[in-house]
Enquirer: 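Sending over a structure as structure tokens; questions will come in a sec.
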Amino acid sequence: MQANLEKLRANAAEAVLIRDSATDNSKRELFTRLSVHLATLAAEVERVIAIRLSNENNAAWKDGIFNSGSPFLIQQSGSAA
């Protein structure tokens with residue numbers, strides 16, 4: 001998914017370069033819309049990656065992976081040690 005994010009970012013940047021070199025007003029508008037759309041998609045992919053990482057970390061805590069037996073951590077049963 002990270003590779004897709006980088007590709008979207010690169011494509012958005014390329015669309016900006018094409019837009020800036022276009023002499024036709026309609027092409028400038030087209031590549032402006034395209035760059036904004038690609039940047040929006042990249043932001044959405046980045047948000048999904050962050051959510052997945054957060055969910056993985058939360059699941060690891062819930063499953064007790066980080067539970068080292070400390071009395072300050074909640075045990076898997078939900079009661080304090």
Side-chain angles (χ1 to χ4, degrees):
M1 194 172 284
Q2 188 68 34
N4 292 334
L5 174 60
E6 296 305 320
K7 181 69 173 159
L8 284 169
R9 287 179 177 162
N11 287 343
E14 188 175 351
V16 168
L17 292 175
I18 294 170
R19 177 204 63 197
D20 291 346
S21 66
T23 56
D24 183 287
N25 193 38
S26 64
K27 287 184 181 179
R28 275 195 301 269
E29 291 173 5
L30 171 69
F31 282 98
T32 296
R33 288 193 314 271
L34 180 60
S35 66
V36 168
H37 179 69
L38 291 170
T40 302
L41 290 175
E44 183 65 17
V45 169
E46 191 170 32
R47 187 182 71 80
V48 168
I49 290 171
I51 289 170
R52 284 189 177 183
L53 288 175
S54 176
N55 287 344
E56 287 173 7
N57 289 339
N58 290 340
W61 278 100
K62 181 180 176 185
D63 292 341
I65 292 173
F66 296 109
N67 189 343
S68 63
S70 168
F72 302 105
L73 295 175
I74 297 174
Q75 299 296 318
Q76 195 168 0
S77 67
S79 61

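Quick caveat, the model's predicted, so the values are computed rather than measured. This chain uses plain numbering: 1 for the first residue, then up along the sequence.
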Enquirer: Ignoring hydrogens, what is the shortest heavy-atom contact between Ser35 and Ala15? Give both atom names and the distance.
Expert: CB-CB, 3.8 Å
Enquirer: Give, for atom CG of Leu30 and atom CG of Asp24, the distance between the pair rounded to the nearest 0.5 Å.
Expert: 10.0 Å
Enquirer: When rounded to the nearest 0.5 angstrom, what distance separates NE2 in His37 from OG1 in Thr32?
Expert: 14.5 Å
Enquirer: Can you give me the closest heavy-atom contact between Val45 and Leu5, atom names plus distance?
Expert: CG1-CB, 4.0 Å
Enquirer: Within this structure, what is the CG-OG1 distance for the pair Leu8 and Thr40, rounded to the nearest 0.5 Å?
Expert: 10.5 Å
Enquirer: Please identify which of these residues, Ile49, Val48, Leu53, Asn55, meets the side-chain contact (heavy atoms from CB on, under 4.5 Å) condition with Ile51.
Expert: Asn55
Enquirer: Only counting residues at least two apart or in another chain, list the ones meeting salt bridge (charged side-chain N to carboxylate O under 4.0 Å, His left out) with Glu14.
Expert: none
Enquirer: Who pairs with Arg9 by side chain to side chain donor-acceptor pair (under 3.5 Å), at least two apart in sequence or on another chain?
Expert: Glu6, Glu46
Enquirer: Hey, does the side chain of Arg28 reach the backbone of Ala22 with a donor-acceptor pair shorter than 3.5 angstrom?
Expert: yes
Enquirer: Any side-chain heavy-atom pair from Arg19 and Val16 closer than 4.5 angstrom?
Expert: yes
Enquirer: Salt bridge (charged side-chain N to carboxylate O under 4.0 Å, His left out) with Glu44: which residues, sequence neighbours excluded?
Expert: Arg47
